[in-house]
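This report concerns only the one structure given below.
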Amino acid sequence: MVITRFAPSPTGMLHIGAVRTALFSWLCAKNQGGKFFIRLEDTDQDRYVEGAGKQILQTFDWLGIKLDGGPDHAELQTMKSNEDYPGALESGKVNSIAGPFVQSHRLDIYKEHAEKLIELGHAYRANESSEELTQLRQQAEARKMDFRFKEEMRLRTDIKPDEPHVVRLRMPRTGQTRYKDIVKGDMTFENANLDDPVLLKTDGFATYHLAAMVDDHLMGVTHVVRADEWLSSTPKHIQIYKAFGWELPQFAHVPNVLGADGKKLSKRHGAQSVFEFRDAGYLPEALINFLALLGWAPGQGDEQNVFSIDELIQKFSLDRVGSSPAVFEYAKLDWLNDMHIRRLEPEDLANRLRPFLEQAGTAIDTPERFAKLVQLVPLVKERAKKLTDAHDYINFFFKDIPVPPVEMLIGPKMELHLSLHALREARNVLSGLSDFNDDKGMEQALRALGDELKLKPTQLFTIIRNAVSGKTVTPPLFGSMAVLGREVTLARVDAAIARLMGG
RNA sequence: GCCCUCAUCGUCUAGUGGACCAGGACGCGGCCCUUUCAAGGCCUAAACACGGGUUCGAAUCCCGUUGGGGGCACCA
């Protein structure tokens, strides 16, 4: 059984690059029919940011990523600040992965394991002050040497368990640590280049190195999928596993996501959190599709670009993840968003559009209005790249429009009186229509009128469009009038005729 | 400074020694279609970072250079 995890620290908004790492981790598990869970790594009390845990859970909710394990209400409520979130799992797990999933709830476990390592001779207690260590490091640097803990520091046994101290891993000083990374390939590290990491801090909290390894082992993680920045500490982690005599998981270090300038993604590159993408009108399906393509491609002659989430799960594999950093570019995201918008069923799209329309000032607050929206959806889905684009196309269906100014009602290369005449004739045709819902019939009739008046389609239709919508850019005219209905359409045409007569 | 790592069109990528004068997608430009805006169809431009090897033959293997990214904490 494949088990993967995403283990962020609640130190702020989940970065879009981190989301991609999480996505790969999740896809890896789901592709194998495995499990995926979230663990909150809140072992650094100083960096903790209130509300971050909640936001992380919310992020996965919005993305539609279901967890097989994660912090539950009880755990969330007892975090440094109450992080409870309605969408959290009831019991912390749905698939028998052992919790708790918040590291501050597992302090005893880490302590116990640190002691075990001391017993085994793979770790030791130390109590140099950070000032002392800083000084030693500076001295080493001054002599252009790499700082290493001295042997006498690594062999102390005089520190009592009850006095303040840290526990450090005693790394091997010779030989190499090797492993095969799923994305980076064969890795070799000279142990001589590595120093002893702190496992347990003076405050009793474990560091990442200890906590994450102990948890991954205890929780049965088979594939450690994490960001590139962990690559160089992997040999330390492998030594921890070895010290315990545990079977090694597979490691996969996924490369960073870069901004358009080739630098690591940061605030000045625009959107950071998925919430910003959500608010900008992106679909979770599109974001996931886009993120998946950042570093992964199906390959083997498969040139598909647009993937549903299920297709991604089916085709994804970690060993096809590239090992070089990828640049985040909005153009393709926008295109994918467009593609995914079109794939949605009308009702589904209408529901997703609703909050954006309401925010833009068009309330969809009655069943009638919603039904109208659903009717409209086919007319706008090809035109909207983002959910925020729809409002401009559809607002004139939901509210009264001011009578357009005279200039707008004069057709291209036409005179006022001719435009007026054309509009009157159009009104006659429209009012004579037996079935106003039949946009094809409507089109036929109006085209016939255009021929009769010796007007180009553009000329006639521009006048009608502007009169009926008050806009120069709209969804297809005939479908629009059909949705607008006979009454409203004719009223607007009449108002336009009156305006032209006045002018 | 030291360690690790990466390098194909502007961007995401396919490519695992001959099938590659390098394929796809986005974007760009053009044409067609067209009631506006889109969409769609067709077409064009656009890349193997550089220098050395190895080999009959290299985008693919090796070495170096350059450039990018990451790491070197009682942070994760």
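Reckoned from all heavy atoms, side chains included, excluding hydrogens, waters and symmetry mates.
- Ring-plane geometry between A/Phe60 and A/Phe6 is classed as tilted, the angle between the planes lying from 30 to 60 degrees on a 0 to 90 degree scale.
- For A/Lys201, there are no salt bridge (Lys or Arg N to Asp or Glu O under 4.0 Å) partners at least two apart in sequence or on another chain.
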Going 5' to 3' along nucleotides 18-23 of chain B, which nucleotides have protein heavy atoms under 4.0 Å from the base (write B), which only from the sugar-phosphate (write S), and which from neither (write -)? -----B

Sequence neighbours left out, cut at 3.5 Å: what donor-acceptor pairs do the side chains of residues 378-385 of chain A make with other protein atoms?
unit_1   : atom_1 : unit_2   : atom_2 : d
A/Lys381 : NZ     : A/Arg342 : O      : 3.1
A/Lys381 : NZ     : A/Leu344 : O      : 3.0
A/Arg383 : NE     : A/Leu379 : O      : 2.9

Could you tabulate the donor-acceptor pairs under 3.5 Å formed by side-chain atoms of residues 448-457 of chain A, not counting sequence neighbours?
none

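- In a base pair of the Watson-Crick type (N1 to N3 plus N6-O4 or O6-N4) or a G-U wobble (N1-O2 and O6-N3), with each distance short of 3.5 Å, B/A19 is matched with no nucleotide.
- Within a heavy-atom distance below 4.0 Å of RNA chain B, the residues of residues 458-482 of chain A found are A/Thr458, A/Phe461, A/Arg465, A/Thr472, A/Val473, A/Thr474, A/Pro475, A/Pro476, A/Leu477, A/Phe478.
- Applying the Watson-Crick and G-U wobble criteria (two distances, each under 3.5 Å), B/U36 pairs with nothing in any strand.
- Between A/Arg148 and the phosphate of B/C72, there is no side-chain N or O to OP1/OP2 separation shorter than 4.0 Å.
- A heavy-atom distance below 4.0 Å to RNA chain B is reached by these residues of residues 126-141 of chain A, ordered by number: A/Glu128, A/Arg137.
- The separation of B/U11 from B/G27, taken at their C1' atoms, amounts to 8 Å, rounded to a whole angstrom.
- Taking atom P on both nucleotides, B/A59 is separated from B/C26 by 28 Å, rounded to a whole Å.
- The base-pairing partner of B/G27, taking Watson-Crick or G-U wobble contacts with both distances under 3.5 Å, does not exist among the strands shown.
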